[in-house]
A.B. asks: 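One structure, pasted below without further comment.
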Amino acid sequence: MDLPIITYDETEWAKTHTGNKVHKQHKIAGTQNIIIAGKTIVEKGVSIRGDLAAVKIGKCCVLKERCLIRPCLKIVSKKPTMWNVNIGDYVFIEEDCVINASQIHAYVHIGARSILGNGCVIRECSRVLPDTVVSPDALFPPFSTIGGNPENVWGLLARAVYRHGKQFQTVGELKDAVTEEWDKLQPSFLESLTQSMSNRLCQVMQKFGGPTSY
């Protein structure tokens, strides 16, 4: 299936000497730590946190609207350290995604509203289905199809806390935002997740460990 042709207003975009096209209404911080290889499109509202650690993005990538690219946190010598993000060539990230992975290899498609957990790694030629939540530190081999949302509560909280590319300057601000969104959760929602566990386990067995409808 061919992708549709999309036209852009040139006045809304900045073009670099390597062919990158960046929407002027971006939310990029720490540009000195961000390397984009070339011919990559960064759409409106995309947030790249180069102020936390280095971010490297390959050539011919597309970052759709309101995506958040954020370095992951790892413990090194018993100290918390922000880890660099490496995104390979020809990676397509759909809108409203939260990318907290340490590495995304080449030829990967990430569906809309997906959340890639802290420090996870997605290998070459893989596909992440829309609304997927990838667990922290997960490692997926090449040619994987990744789907499902095993952490519905955390996925819901992450989308609510970081909606519209929201950023936080301190840990205290982040804690307050998480607490506020947690208080908004309905008890009926939590009960429905608990009651669905038996169906979830059955689907996992029926799919032989593959993606389920949850």
Side-chain angles (χ1 to χ4, degrees), residues 8-110 112 114-124 128 134 136-137 139 158-159 161-178:
Y8 296 96
D9 183 353
E10 290 187 358
T11 62
E12 298 178 350
W13 296 78
K15 186 175 181 180
T16 69
H17 70 282
T18 55
N20 298 313
K21 296 180 177 66
V22 181
H23 198 282
K24 293 180 180 179
Q25 296 184 30
H26 61 75
K27 297 180 179 179
I28 298 175
T31 54
Q32 70 276 10
N33 294 325
I34 299 173
I35 299 175
I36 303 178
K39 297 184 178 179
T40 285
I41 297 175
V42 180
E43 294 195 357
K44 181 179 179 180
V46 170
S47 178
I48 304 177
R49 297 298 305 273
D51 56 325
L52 299 177
V55 178
K56 296 182 180 180
I57 301 174
K59 64 182 180 181
C60 301
C61 296
V62 177
L63 279 60
K64 299 287 284 183
E65 294 185 357
R66 301 177 300 278
C67 287
L68 169 62
I69 312 296
R70 184 178 185 276
C72 60
L73 180 66
K74 294 189 176 184
I75 304 299
V76 179
S77 300
K78 299 183 179 180
K79 295 181 180 180
T81 303
M82 300 306 298
W83 208 256
N84 297 344
V85 180
N86 290 288
I87 298 176
D89 301 333
Y90 303 99
V91 173
F92 197 109
I93 303 176
E94 300 280 6
E95 62 272 5
D96 298 308
C97 289
V98 177
I99 308 300
N100 206 194
S102 63
Q103 191 164 12
I104 300 173
H105 289 248
Y107 301 100
V108 171
H109 181 271
I110 300 174
S114 293
I115 299 174
L116 272 57
N118 186 76
C120 67
V121 176
I122 311 295
R123 294 296 303 274
E124 296 88 349
V128 179
V134 177
D137 299 315
L139 172 61
R159 275 188 280 270
V161 168
Y162 290 107
R163 68 166 61 96
H164 307 309
K166 174 70 175 178
Q167 298 297 315
F168 303 94
Q169 301 301 320
T170 66
V171 174
E173 290 180 3
L174 177 58
K175 286 183 177 179
D176 291 341
V178 171

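All residue numbers in this chain count up from 1 along the given sequence.
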A.B. asks: Heavy atoms, side chains only, cut-off 4.5 Å: are Ile99 and Leu63 in contact?
C.D. replies: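 A side-chain contact is absent here, since even the closest heavy-atom pair is not under 4.5 Å.
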
A.B. asks: Do Lys56 and Asn84 touch side chain to side chain, with heavy atoms closer than 4.5 Å?
C.D. replies: no

A.B. asks: Side chains of Ile69 and Arg49, heavy atoms from C-beta outward: is any pair under 4.5 Å?
C.D. replies: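 In short, these two side chains do not touch, never coming nearer than 4.5 Å.
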
A.B. asks: Indicate yes or no: at least one non-hydrogen side-chain atom of Glu124 is less than 4.5 angstrom from one of Tyr107.
C.D. replies: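 Of all side-chain heavy-atom pairs linking Tyr107 with Glu124, none is under 4.5 Å.
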
A.B. asks: Would you compute the distance between atom NZ of Lys59 and atom NZ of Lys39 and round it to the nearest 0.5 angstrom?
C.D. replies: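 So the NZ of Lys59 and the NZ of Lys39 are separated by 8.0 Å.
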
A.B. asks: Count the heavy atoms of every other residue, nucleotide or ligand shown that sit under 6.0 Å from CD of Glu10, and state whether that count exceeds 12.
C.D. replies: no

A.B. asks: Any side-chain heavy-atom pair from Asp89 and Cys60 closer than 4.5 angstrom?
C.D. replies: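 Side chain of Asp89 against side chain of Cys60, heavy atoms only: no contact under 4.5 Å found.
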
A.B. asks: Is there a side-chain contact between Glu12 and His23 (heavy atoms, below 4.5 Å)?
C.D. replies: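 Yes - at least one pair of side-chain heavy atoms lies under 4.5 Å apart.
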
A.B. asks: Check Lys74 against Gly119 and note the closest heavy-atom contact, atom names and distance.
C.D. replies: CE-CA, 4.4 Å

A.B. asks: Taking all non-hydrogen atoms of both residues, which atom of Gly50 and which atom of Ile34 are closest, and how far apart?
C.D. replies: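 In this case the closest contact between Gly50 and Ile34 is CA-CG1, 3.9 Å.
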
A.B. asks: Do Ile93 and Cys61 pass the side chain to side chain contact (heavy atoms under 4.5 Å, CB included) test, and can you show the C-alpha distance, the side-chain angles, and the key distance before you say yes or no?
C.D. replies: CA-CA 8 Å; Ile93 303 176; Cys61 296; over 6 Å; no

A.B. asks: Closest heavy-atom contact between Cys72 and Asn100?
C.D. replies: CB-O, 3.3 Å

A.B. asks: What are the two closest non-hydrogen atoms of Trp83 and Val76, and how far apart are they?
C.D. replies: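 For Trp83 versus Val76, the nearest heavy atoms are CZ3-CG2, 3.6 Å.
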
A.B. asks: So does Lys24 have more than 12 non-hydrogen atoms from other groups sitting under 6.0 Å from NZ?
C.D. replies: yes

A.B. asks: With rounding to the nearest 0.5 angstrom, report the CG to SG distance, Asp96 to Cys67.
C.D. replies: 7.0 Å

A.B. asks: Restricting to non-hydrogen atoms, name the atom on Pro71 and the atom on Met82 that form the minimum distance, rounded to 0.1 Å.
C.D. replies: O-CE, 3.2 Å

A.B. asks: To the nearest 0.5 Å, how far apart are NZ in Lys27 and CG in Leu68?
C.D. replies: 10.0 Å

A.B. asks: Do Ile110 and Ile122 come close enough that some side-chain heavy atom pair is under 4.5 Å?
C.D. replies: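 They are not in contact (no side-chain heavy atoms under 4.5 Å apart), so the answer is no.
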
A.B. asks: Identify the heavy atoms of Ala53 and Asn33 that sit nearest to each other, and give their distance.
C.D. replies: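 Minimum heavy-atom contact is O-CB, 4.1 Å.
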
A.B. asks: Within this structure, what is the NZ-OG1 distance for the pair Lys15 and Thr18, rounded to the nearest 0.5 Å?
C.D. replies: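 Result: 10.0 Å between the selected atoms.
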
A.B. asks: Keeping Asn20 on the side-chain end and Thr40 on the backbone end, is there a donor-acceptor pair under 3.5 Å?
C.D. replies: yes

A.B. asks: Does atom NZ of Lys175 have more than 12 heavy-atom neighbours, drawn from other residues, nucleotides or ligands, at distances under 6.0 Å?
C.D. replies: no

A.B. asks: Is the Phe92 ring parallel, tilted or perpendicular to the His109 ring (thresholds 30°, 60°)?
C.D. replies: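 Rings of Phe92 and His109: parallel, as their planes differ by under 30°.
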
A.B. asks: Answer yes or no: is there a side-chain heavy-atom contact under 4.5 Å between Cys97 and Leu116?
C.D. replies: no

A.B. asks: Can you measure from CD1 (Ile75) to OG1 (Thr81) and round to the nearest 0.5 angstrom?
C.D. replies: 7.0 Å

A.B. asks: Would you call Lys64 and Glu43 a salt bridge, taking side-chain N to carboxylate O under 4.0 Å as the test?
C.D. replies: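 Looking at Lys64 and Glu43, the cut-off is met.
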
